[in-house]
Amino acid sequence: MSGQPVSNLAVDGARGGLLDREGALAKLMIAPAILYIVAMIGVPFVLAVLYSLSDATTGDPSLNFVGLRNFTAALEDPVFRLSLWNTVFFTLASQCIVVLLSRLLATALLKTFRGKWLVRFLIMLPWTAPISLGTIGWLWMLDSIFSPIDWVLRYVGLLGAPDALLGAGTNLYYLGIPGLAISSIILVDVWRILPLATVIQLAGLSSIPKDLLEAAEVDGASPWRRTLMITIPLTLPITSIAFLFGVVFTFTDLVVVYVLTRGGPVHMTQVLSSWTFFKGIEGGDLAQGAAISLFMFPVLAAVAILILRMARRTEVV
Amino acid sequence: MGCVEIRGISKLFGNVRAVDQVDLATNEGEFLVLLGPSGCGKTTLLRMIAGIEEPTAGEMVTDGRVVTHLPPRMRDIAMVFQSYALYPHMTVYKNIAFPLRARGVEKEAVRKKVEWAAGMFKIERLLDRKPRELSGGERQRVALARAMVREPSVFLLDEPLSNLDALLRASAREELRQFQRRVGVTTIYVTHDQVEAMGLGDRIVVMSQGKIRQIGTPMEIYQWPADTFVATFVGSPPMNLLDQGDTLLGFRPETFMPTDAVEGSGGVVTYPFEVTYLEYLGAERLVYGTVGEKSHARHVVSRLPGSLILPMEAGKTYPFAVALRDLRRFDKKSGLYKEGGPS
């Protein structure tokens with residue numbers, strides 16, 4: 001009789017519930033994420049590869065294999081080459097500025113001062129607003145006739161007067177002149193990514209033990225040397241992550257260019273994603289569009305690998 | 001070289017007086033220990049000497065030079081932090097070289113000094129490692145080497161042994177003492193561990209609530225506590241205090257012995273000691289109990305050497321005594337030591 005409860009226990013243990021079988025439970029719980037990734041990223045990616053090797057159009061999406069014709073055609077297209085260059089240039093330029101500004105902002109936000117929460121709130125605001133709405137706001141700010149920036153410049157006498165610093169015209173036409181249009185795109189890209197980067201940098205800075213900086217101080221290091229030898233090296237992994245995240249967001253972004261300039265003036269601000277859209281969707285050449293978009297893949301894959309490696313490095317330090 | 005003088009230093013954090021009107025002067029080359037419970041202001045005082053914290057009031061002088069408002073790098077002072085604060089991204093070599101490079105010492109000279117400092121703490125084979133690859137004891141040595149490499153005139157240590165296990169702590173304590181004797185640099189050492197303080201210090205500064213309670217040699221602190229705080233903070237178990245009107249009568253547990261064992265050349269005071277509890281600790285026995293009338297019953301502890309073989313039982317009363325020369329008297333109100341022989 002005394003053996004009865006023991007054997008019951010043994011049977012329970014052997015059968016177990018699903019909740020006790022860690023292997024099966026793990027698979028079950030990760031399944032939705034995998035399904036999601038396959039459906040939303042895997043399938044479109046395979047489709048893009050298939051389209052890029054075919055002559056599919058929006059009118060006739062059947063897949064007839066044409067080899068690498070779409071890729072060679074893209075490479076011979078000067079607009080594509082300009083888009084590729086612009087994508088790289090806009091991304092790098094904006095993200096370098098973002099890293100600098102976010103470090104400055106994070107350093108300032110580390111200190112305690114009155115109204116700090118308000119400053120934090122204002123800095124986070126661009127990140128919470130939908131990117132398209134924010135960009136439309138910028139579209140108005142940079143309007144060729146009603147730009148409030150021009151109005152302020154005219155008001156302080158920098159614009160509109162015969163001897164004004166920025167010229168006698170009443171407006172600067174931010175989105176109509178190549179140099180200004182490029183600068184405007186980069187400016188909005190910076191504005192867009194800065195909140196995220198600041199938050200990441202703030203986390204990095206506040207994770208440095210206070211002891212280390214004090215030890216460096218006692219060891220005789222000047223503030224400049226402390227920044228250079230302690231703060232920057234210790235936050236380098238997390239700064240790189242902020243940078244790489246910014247690269248991914250900016251490199252693939254369509255909205256800023258589409259809303260502000262539609263790639264103009266004369267393709268001067270065209271980027272890979274906008275050119276893909278204009279060629280593949282608005283122009284109807286699905287195959288060309290797919291081929292152009294696939295040029296983003298190696299860069300993004302490299303960045304993804306870098307992010308993962310950086311994340312591992314931060315864990316060790 | 002190597003004298004720190006503190007004149008009326010205070011530090012307020014908001015309304016809290018972390019350090020309150022402290023005066024202190026080190027002697028050349030001495031090992032001075034700041035001892036006190038956590039929150040007594042000893043670390044804050046040390047940080048003010050280092051220059052990391054600025055005093056609210058008072059003046060600080062090192063080697064005849066007023067340094068009260070100078071940044072740390074303009075004082076000739078090195079410090080070892082409780083966490084060691086090694087730079088995690090640098091190798092041991094670069095960690096030790098850091099203070100020299102910050103002073104713009106030439107490369108070859110840096111190499112020589114680093115090797116000298118590493119040799120002094122026997123960590124030459126660790127020079128290429130990163131701090132995370134070191135054990136606690138090794139990290140402590142690296143921190144010491146980094147502090148010593150530029151041969152400061154004053155050496156500050158903030159509980160450097162508290163992160164080591166008990167065995168390592170004892171040997172590290174001995175090494176530290178020998179090293180300090182050899183180099184002869186003025187050292188200020190913060191700890192809350194009285195054993196460390198007694199073992200290391202030439203002089204001990206006992207602090208409580210931001211104030212200095214007593215400065216003296218370990219012997220003076222232990223034998224002649226300036227007040228009841230020092231009497232009960234130093235020594236384990238603490239000094240027994242018996243209420244006698246407006247006076248508190250104090251005696252160390254090891255001086256409270258069975259009457260036969262007390263050497264009474266200068267006279268003794270005897271008490272009937274009612275034992276309540278016994279602790280056998282190997283080398284010694286702790287006997288807890290009460291003396292005096294029921295209404296005035298006071299808890300006292302006796303510490304008997306293990307060699308004293310004497311059967312003792314809880315619940316029984318034994319004749320115990322203290323030699324007159326071991327009795328200390330304190331004012332009940334102020335807690336301060338009172339001169340004069342025992343009643």
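Below, read A as the first sequence line, B as the second, and so on, with proteins coming before strands; counting in each chain starts at 1.
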Distance check, rounded to the nearest 0.5 Å: [X] atom [atom1] versus [Y] atom [atom2]?
X        : Y        : atom1 : atom2 : value
A:Leu212 : B:His89  : CG    : NE2   : 8.5 Å
A:Arg225 : B:Arg73  : CZ    : CZ    : 11.5 Å
A:Glu214 : B:Ser83  : CD    : OG    : 9.0 Å
B:Tyr87  : A:Ile230 : OH    : CD1   : 5.0 Å

[atom1] ([X]) with more than 12 external heavy atoms under 6.0 Å:
X        : atom1 : value
A:Ile30  : CD1   : no
B:Phe179 : CZ    : yes
B:Arg173 : CZ    : yes
A:Lys210 : NZ    : no
A:Tyr36  : OH    : no
B:Asp165 : CG    : yes
A:Glu22  : CD    : no
B:Trp116 : CH2   : yes

message = Using a 4.5 Å heavy-atom cutoff, which residues in residues 46-59 of chain B come close to chain A?
response = B:Arg47, B:Ala50, B:Ile52
message = Checking an interface table here. Which of residues 157-164 of chain B come within a heavy-atom distance under 4.5 Å of chain A?
response = none
query = Would you say the side chain of B:Pro72 lies within less than 4.5 Å of the side chain of A:Asp219, judging by non-hydrogen atoms?
reply = no
Residue part contacting chain A, namely of [X], when any heavy atom lies under 4.5 Å:
X       : value
B:Arg75 : neither
B:Met90 : side chain
B:Leu86 : backbone
B:Phe81 : side chain

ask   = Within the side chain of B:Arg150, is there an N or O that forms a donor-acceptor pair under 3.5 Å with the backbone of A:Gly220?
value = no
key: Taking every non-hydrogen atom, the tightest pair across A:Ala215 and B:Ala85   =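 Nearest heavy atoms, A:Ala215 then B:Ala85: CB-CB, 3.7 Å.
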ask   = Do you know which of A:Pro233, A:Pro209, A:Ala216 has the most heavy-atom pairs with chain B at a distance under 4.5 angstrom?
value =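 Most heavy-atom pairs within the cutoff with chain B belong to A:Ala216.
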